[in-house]
Amino acid sequence: MATAALSRDEFERQLKDKALYYHIHHPFHTAMHTGDCSAEQIRAWVANRFYYQDNIPLKDAAVMANCPDRDIRREWVQRILDHDGRGDDPGGIEAWIYLGEAVGLSRRELLEHRYVLPGVRFAVDAYVNFARRATWQEAVCSSLTEMFAPEIHQRRLDTWPQHYPWIDSSALHYFRKRLGEARRDVEHGLAVTLDYFDTAALQQKALNILQFKLDVLWSLLDAITLAHVYNRPPYHHLNGDG
Ligand SMILES: O=C(O)c1cc(C(=O)O)c2c(n1)C(=O)C(=O)c1cc(C(=O)O)[nH]c1-2
């Protein structure tokens, strides 16, 4: 006999329990929030995370390309506009570039992805490629790490001014902007997920997809940690330091 599906509330609870694996718990973020990151480490994080920012609209365009439901597309397109901007709104990518400049990176260095590590590229590309190949409902589900994002944006707003006073607080605008956007995105993404994944097998699939996305975010920080905390960037043997 097939296992019974979880109730809607229980399924939602199990999705939310995945917060235990969110990258807010990664040692790199812990160090960032307690003021233990050097300026060089902050710069490395901002430069590498820009690759994620730059790819989010491609990921969202892939969701739309796979979605035949006009009502969903009408909602989803807002995510692309949030990042790319429209009219007078310069958008989130521009806000991240502003953050980059405030920590000492040039627009050109960011746009060229000059300091992006291979591990970060692989993790982010895995997310975009997942959205290209999965069904649109699966791709929607993979965005649900955003359930946990307002807390991490708030944590940065609460801790950076004290620990990193050399960063102009106006540059934290991106994090402020995402607080509301992420909450709105989650309401929609969660409703789609709870409706669509309605058998035990599908619910387990959704939980696995969310874990995959948590793995993407965690792996990104692992790559940054190896290169910028342990000073073991790729091919470090060529630098003659071990
Ligand atoms: O700073 C963060 O820790 C963080 C995490 C996440 C996330 O959990 O996926 C996103 C963002 N930020 C973010 O700014 C953002 O625009 C975003 C979009 C998405 C997505 O999967 O569609 N995640 C996130």
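Nothing fancy with the numbering, it's 1 onward along the sequence. What you are looking at is a predicted structure, and each value in this text was computed from that prediction instead of being measured. We count ligands from 1, going down the list as the structure has it; atoms in each ligand are counted the same way.
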Should the pair Trp96 and Tyr174 be assigned to parallel (<30°), tilted (30 to 60°) or perpendicular (>60°) ring geometry?
perpendicular

Say whether, by atom type as modelled, one donor and one acceptor occur between the side chain of Tyr52 and the main chain of Leu217 under 3.5 angstrom.
no

For ligand 1, give me the residues whose heavy-atom distance to it is below 4.0 Å, by chain and number please.
Tyr22, His23, Arg49, Tyr52, Ile56, Lys59, His83, Tyr127, Ser143, Thr145, Glu146, Ile152, His153, Arg156, Tyr174, Arg178, Lys213, Leu217

Contacts of type salt bridge (charged side-chain N to carboxylate O under 4.0 Å, His left out), residue Glu75, not counting sequence neighbours
none

Any donor-acceptor pair under 3.5 Å from Asn66 side chain to Arg132 backbone
yes

Begin from the C-alpha positions of Ser7 and Asp9 and carry the test side-chain hydrogen bond (donor to acceptor under 3.5 Å, both in side chains) through to its verdict.
CA-CA 5 Å; Ser7 69; Asp9 283 353; 5.7 Å; no

Look at the rings of Trp45 and Phe175 and say which category their plane angle falls in: under 30° parallel, 30 to 60° tilted, over 60° perpendicular.
tilted

